[in-house]
Enquirer: 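Could you have a look at this structure, given as structure tokens, before my questions?
All values reported here derive from a predicted model rather than from experimental measurement. Residue numbers begin at 1 in each chain, while the letters A, B, ... track the order of the sequences.
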Amino acid sequence: MGGIHFIINMAIGSLIYLGLTIFLAGFIHKVYNVYYKTPQPLKIPQTPQSTSLGGVILRMAGDVLFFRSLSKGTTLLFYTGWIFHVTFFLLLQRHLRYFITPVPSCVTFLNQAALFIGIVLLIALIILLVRRFIDERTRYITNLSDVFVLFLIMGIVVTGIMMRFEPFRPDIVDVKGFLSELMVPATAFGYMTLHPATAPSSLIFIFHLGLVAFLLMYFPFSKLMHSGGYFFSPTRNMINNPRDVRYVNPWDKG
Amino acid sequence: MTDEKAPATDANAIVQELIKYEKLPYEHVELTGEIKVPKIKPDAMIKVHAQQLTSKDTLERLGYPTKGLIPNWKEVFLKTMDKMLKKYKSVRLFMDICVRCGACTDKCHYFIGTGDPRNMPVARAELMRKVYRRYFTWPGKLFGSKMVDGWDLSIDVLALWYTYFYQCSECRRCAVFCPYGIDTAEITMAAREILNSVGLVQKYQHEIIDKAQVIGNNLGMQQNAVVNALEFVRDELREETGIEEIDIPIDIEGADVLFVTPSADFFASPHIESLYGYAKVFHQAGISWTMSTHASEGGNFGMFVHSYDHMKRINKRIWDAARALKVKRVIGGECGHMWRVLSSFSNTLWGPFDYLDSKYPRPQHICEFTLDLLNRGALKIDKTANAEFTATIHDSCQIARGMEMGGQKYGQFEIPRGVIKGVCEKFVDMPENTIKERTFCCGAGQGLLGDDMLPTRVKGAMPRMQAYSYVKKQNGVNFMALICAICKAQLSKMFPTYDIEMEEVGGIHQLVGRAIVLGAKEGI
């Protein structure tokens, strides 16, 4: 094995482990220590909030699954945003086939449509990006990080789509072998003693994986935390019954 | 000592120059009935600054610095901000999860009215987020402000905060459309408290917070003045109706109901008309009630800023009075934020209310009370008294986007409408995107009612005025019913400003008071 291969194997594997660690530690820390633990002194649910727990759960499900709050406002953003999230999720769950053997049917059922979904996802991303420059109000509030994260995900999607075509198609057996090797705990210790797993030779694949690792590392420090944060939003998750049930302020229990 | 002071007064002098109050001209737009989203006009409203509180005694009582910006302001600023982030989940979370999608950008009435991009809710919140990212996140601490689109603290940042966090009326309309429910009101409230801690204290709102605690009401009326005012109203009422028994009872121990309402209702116009209405409803229902000189104010400006202790102390008067007078129920009059504090926050602040009648162990809204009487046929109503009116309702922001009424999810819309329809034949709603949960603020809520804010008040009222002029043209509407003292004060000034008769504004209980037939008792 040549030196360059060794370096790539070491780099990509370590990057994946590092990404996963930072992602998990960061995400859990933020959600638990910050979003969950920070006290909320007063009840501030917002209309249309239900007076029962069931209703609140339904409303939140509507927000999460169908972007109900967003749909009240901007149509283009609502449709594009929703399509982006749904296609992203569909493609994400398709990746389970690299980690589970035998591949369950709920993962493979999209086989035929996968490429199409990927292209829809890419188009949605392009619309989201373009509107940040065309719409003057959105342009005014756009930060560098907003554009950066769009490009990052776009990079992942583009390399992902490329791998479906020759000559970029990596050897699927190599890929699966590499990923399942990474899942074995012993492999992680192998990296510490400079015995990395062998990555597939496809450069596009390495690039794809590298971007994913980077996204994972970036995730807990970025606005992407809206994924976990939403569930703790006091205007959405508090029951609208302040008169019936006394809410106790955690830092003023008197 | 003098050496230490020199640079400090400099910083104070610089910031005072930047946020100096100027009397600015204002003009209203033409009423077309259409609400158009404007092109952005950067810095359109950057010159509008609220007046500052300078009275040393008042500042001292409130616990804020007394000499303007303090020398070590950066340190105190970050310390207070840290406290806000640790005490308020809302603030902490809303700093973190905004994706700047832009859904809120055209939702704020101040933006629609002014076109100033910093009046877009997300841009307003970014004023705080830029500081947050720089000082309270890992990347900001490690790599500095440039890497995180942040700001280092500076006098300019302070000036921008003071300018734009006093151009937000905390109406929560943006949060309706936000996919994560980010509530700019929470951010504004925190920002105001941070500004207070370094010595930039807005006058109108904080003067009232002080008066409400020290004297007992927002207008600063001593107890005997309250009694005089209410006796005057009572005499007027007796003269008008010719009924000797009608009363506005004061401090009656053992009455069934303690009634609290904004002190503006005692003599401001059109507020006082609603006070007549309340008295008539209580009289006709035959329920013993009382007002209190101790709790002579329903409003609670402490809510407008995250100074929890102030809000709590102001609220205490109501519950002390309820206990002292041994009442069975507490009912609140027509006021927006008062109702939010009374219904949403009181139970947390001073609950549980186990000393009240177990049938009504909670503060109630006068509209709940009146509608219940109407539905039971306990009030004799002559709708022809309101025949000249085609009414509409302006949903007050704090009620509409606050909480249930009558135990139902949409009670805060249905109950006031029910009362109006019960006393007035003709009722038309304004366009759907301007009412109910999407209602527009009157333009002067949450501490922005002072005359110093007239330029933003006039522009902020624009969406509501357009919506009203639309139904006025389409349906001949000629009365806007309100359930908020601030809305009444603001719109009775804005209507003439927009060339509409001031008499077209009034409280819901003004309509009730006109239609109620006194004396003749049926039902119950």
Side-chain angles (χ1 to χ4, degrees), chain A residues 30 34-35 37-51 55 63 67 69-70 72-74 77-78 81 128 131-132 135-138 140-146 221 223-230 232-237 240-249 251-252, chain B residues 39-40 42 85-90 92-94 96-107 117 120 122-123 126 137-139 148-149 172 175-183 186 308 312 343-345 347-349 351-352 362-363 400-404 407-410 412 436-438:
Chain A
K30 269 253 166 104
V34 181
Y35 303 157
K37 280 276 188 88
T38 307
Q40 173 57 31
L42 294 163
K43 265 211 170 175
I44 58 166
Q46 202 193 32
T47 312
Q49 190 68 313
S50 173
T51 51
D63 262 355
F67 293 15
S69 294
L70 187 58
K72 291 174 188 172
T74 326
L77 176 63
F78 161 64
L128 288 175
R131 70 177 275 284
R132 286 211 174 266
D135 179 76
E136 65 162 9
R137 295 193 305 273
T138 315
Y140 183 90
I141 53 156
T142 295
N143 285 346
L144 197 61
S145 62
D146 303 325
F221 305 102
K223 66 174 190 177
L224 300 174
M225 284 309 293
H226 69 263
S227 50
Y230 169 80
F232 300 88
S233 181
T235 58
R236 296 293 188 262
N237 77 359
N240 185 11
N241 59 358
R243 286 194 288 173
D244 284 340
V245 181
R246 180 164 188 248
Y247 177 75
V248 178
N249 177 355
W251 44 266
D252 179 33
Chain B
K39 288 241 163 249
I40 62 172
L85 291 167
K86 290 197 170 118
K87 281 188 147 181
Y88 290 86
K89 189 198 292 269
S90 49
R92 184 66 176 79
L93 189 76
F94 298 159
D96 240 30
I97 64 174
C98 176
V99 302
R100 287 167 293 280
C101 69
C104 61
T105 53
D106 56 349
K107 303 299 186 284
M120 302 189 294
V122 46
E126 279 292 298
T137 64
W138 274 92
V148 291
D149 273 310
R172 313 175 87 208
V176 171
F177 302 91
C178 175
Y180 320 119
I182 295 175
D183 186 353
E186 292 290 313
Y308 184 87
K312 188 168 174 169
S343 71
S344 277
F345 302 160
N347 207 352
T348 299
L349 299 172
R362 64 190 78 171
R401 288 186 276 269
M403 65 306 294
E404 50 82 19
Q408 317 147 22
K409 186 167 152 189
Y410 291 120
Q412 70 268 45
K436 300 188 176 171
E437 65 168 2
R438 300 177 197 200

Enquirer: Is there a donor-acceptor pair closer than 3.5 Å between any side-chain N or O of B:E404 and the backbone N or O of A:N241?
Expert: no
Enquirer: Please name the pair of heavy atoms, one in B:K86 and one in A:P39, separated by the smallest distance, quoted to 0.1 Å.
Expert: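 Taking B:K86 first and A:P39 second, the nearest heavy atoms are O-CD, 3.1 Å.
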Enquirer: Dump the intermediate steps for side chain to side chain contact (heavy atoms under 4.5 Å, CB included) on A:T51 and B:Q408, then the final yes or no.
Expert: CA-CA 7 Å; A:T51 51; B:Q408 317 147 22; over 6 Å; no
Enquirer: Please answer whether the main-chain N or O of B:R172 pairs with a side-chain N or O of A:Q46 as donor and acceptor at a distance below 3.5 Å.
Expert: yes
Enquirer: In Å, rounded to the nearest 0.5 Å, how long is the span from CD1 of B:I182 to OG1 of A:T235?
Expert: 8.5 Å
Enquirer: Heavy-atom distance under 4.5 Å between the side chains of B:I40 and A:Y140, does that happen here?
Expert: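 Yes, their side chains come closer than 4.5 Å.
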Enquirer: What part of B:K87 gets closer than 4.5 Å to chain A, counting heavy atoms only: side chain, backbone, both or neither?
Expert: both
Enquirer: Can you tell me how far apart CG (A:L224) and CG (B:D96) are? Round to the nearest 0.5 Å.
Expert: 11.0 Å
Enquirer: Under a 4.5 Å cutoff for heavy-atom pairs, which residue among B:P139, B:A175, B:P363 has the most contacts with chain A?
Expert: B:A175
Enquirer: How many angstroms lie between CG in A:L42 and OG in B:S90, if you round to the nearest 0.5 Å?
Expert: 9.0 Å
Enquirer: Do the non-hydrogen side-chain atoms of A:V34 and B:R92 ever get within less than 4.5 Å of each other?
Expert: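 Touching, per the 4.5 Å side-chain cut-off.
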Enquirer: Check whether any side-chain N or O of B:D149 sits under 3.5 Å from a backbone N or O of A:L144 as a donor-acceptor pair, and report yes or no.
Expert: yes
Enquirer: By a 4.5 Å heavy-atom criterion (distance strictly below it), what part of A:D146 contacts chain B: side chain, backbone, both, or neither?
Expert: side chain
Enquirer: So for B:K39, is it side chain, backbone, both, or neither that comes closer than 4.5 Å to the heavy atoms of chain A?
Expert: both
Enquirer: At a heavy-atom separation under 4.5 Å, does A:L77 approach chain B through its side chain, its backbone, both, or neither?
Expert: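 It is the side chain, since no backbone atom gets that close.
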Enquirer: Working note: B:V176 + A:K72, criterion side chain to side chain contact (heavy atoms under 4.5 Å, CB included); need CA distance, chi angles, decisive distance, verdict.
Expert: CA-CA 8 Å; B:V176 171; A:K72 291 174 188 172; 3.9 Å; yes
Enquirer: Side chain from CB out, backbone as N, CA, C, O: work out which of these in A:E136 comes under 4.5 Å of a heavy atom of chain B, or both, or neither.
Expert: both
Enquirer: For chain A, which candidate among B:P352, B:G102, B:P179, B:S343 shows the most heavy-atom pairs at distances under 4.5 Å?
Expert: B:S343
Enquirer: What pair of heavy atoms forms the shortest contact from B:C178 to A:S69, and how long is it?
Expert: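 Answer, listing the atom of B:C178 first, then A:S69: O-CB, 3.4 Å.
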Enquirer: For A:Y35, which atoms come within 4.5 Å of any heavy atom of chain B: side chain, backbone, both, or neither?
Expert: both
Enquirer: Using the salt bridge (charged side-chain N to carboxylate O under 4.0 Å, His left out) criterion, which residues pair with B:K409? Sequence neighbours excluded.
Expert: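 Expected list: none.
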Enquirer: Under 4.5 Å from any heavy atom of chain A, what part of B:Y410 do you find: side chain, backbone, both or neither?
Expert: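 Answer is side chain: those atoms of B:Y410 sit under 4.5 Å from chain A.
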Enquirer: Under a 3.5 Å threshold, yes or no: a donor from one side chain and an acceptor from the other, between B:Y308 and A:N249?
Expert: yes
Enquirer: Among the options A:L70, A:N143, A:T142, pick out the one with the most heavy-atom pairs lying under 4.5 Å from chain B.
Expert: A:N143
Enquirer: Less than 4.5 Å apart, any side-chain heavy atom of A:V248 and any of B:T348?
Expert: no
Enquirer: As a quick check of understanding, evaluate side chain to side chain contact (heavy atoms under 4.5 Å, CB included) for B:T105 and A:I141, giving each step before the final call.
Expert: CA-CA 9 Å; B:T105 53; A:I141 53 156; 4.0 Å; yes
Enquirer: In terms of heavy-atom proximity below 4.5 Å to chain B, should A:R243 be classed as side chain, backbone, both, or neither?
Expert: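 Both the backbone and the side chain of A:R243 come within 4.5 Å of chain B.
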Enquirer: How would you list, by chain and number, every residue that makes a ring-ring contact (aromatic ring centres under 6.0 Å, His included) with B:F345, sequence neighbours excluded?
Expert: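 Checked B:F345 against ring-ring contact (aromatic ring centres under 6.0 Å, His included); zero matches.
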Enquirer: Between NZ of A:K223 and SG of B:C98, what distance do you get to the nearest 0.5 Å?
Expert: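 Output value for this atom pair is 8.0 Å.
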Enquirer: Just how far is it from atom CZ of B:R100 to atom OG of A:S145, taken to the nearest 0.5 Å?
Expert: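 OG of A:S145 is found 4.5 Å from CZ of B:R100.
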Enquirer: Name the region of B:E126, side chain, backbone, both or neither, that has any atom closer than 4.5 Å to a heavy atom of chain A.
Expert: side chain
Enquirer: Where is the tightest heavy-atom contact between B:K89 and A:F232, given as atom of each residue plus distance?
Expert: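 In this case the closest contact between B:K89 and A:F232 is CD-O, 3.6 Å.
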Enquirer: For A:P234 and B:L93, which heavy atoms make the closest approach, and how far apart are they?
Expert: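 Looking at all heavy atoms of both residues, the closest pair is CD-CD2, 4.0 Å.
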Enquirer: Which answer fits B:M120, side chain, backbone, both or neither, if we ask what part of it has an atom under 4.5 Å from a heavy atom of chain A?
Expert: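 Answer is side chain: those atoms of B:M120 sit under 4.5 Å from chain A.
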Enquirer: By a 4.5 Å heavy-atom criterion (distance strictly below it), what part of B:T137 contacts chain A: side chain, backbone, both, or neither?
Expert: neither
Enquirer: With a 4.5 Å limit on heavy-atom distance, are the side chains of B:I97 and A:S227 in contact?
Expert: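 Contact flag for B:I97/A:S227 side chains = no.
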Enquirer: Go through the atoms of A:I44 and report whether side chain, backbone, both or neither lie under 4.5 Å from a heavy atom of chain B.
Expert: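 Both parts, heavy atoms under 4.5 Å.
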Enquirer: Regarding A:D252 and B:K312, does a basic nitrogen lie under 4.0 Å from an acidic carboxylate oxygen?
Expert: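 Salt bridge present between A:D252 and B:K312.
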Enquirer: Checking A:T47 against B:Q412: is there a side-chain donor and acceptor pair closer than 3.5 Å?
Expert: yes
Enquirer: May I ask you to decide if B:Y180's main-chain N or O and A:S233's side chain share a donor-acceptor pair within less than 3.5 Å?
Expert: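 Side chain of A:S233 to backbone of B:Y180: a pair is present.
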Enquirer: Is there a side-chain contact between B:P117 and A:R137 (heavy atoms, below 4.5 Å)?
Expert: no
Enquirer: Would you mind checking which part of A:D63 comes under 4.5 Å of any heavy atom in chain B, side chain (CB onward), backbone (N, CA, C, O), both or neither?
Expert: side chain
Enquirer: Taking atom CH2 of A:W251 and atom OH of B:Y88, what is their separation to the nearest 0.5 Å?
Expert: 4.0 Å
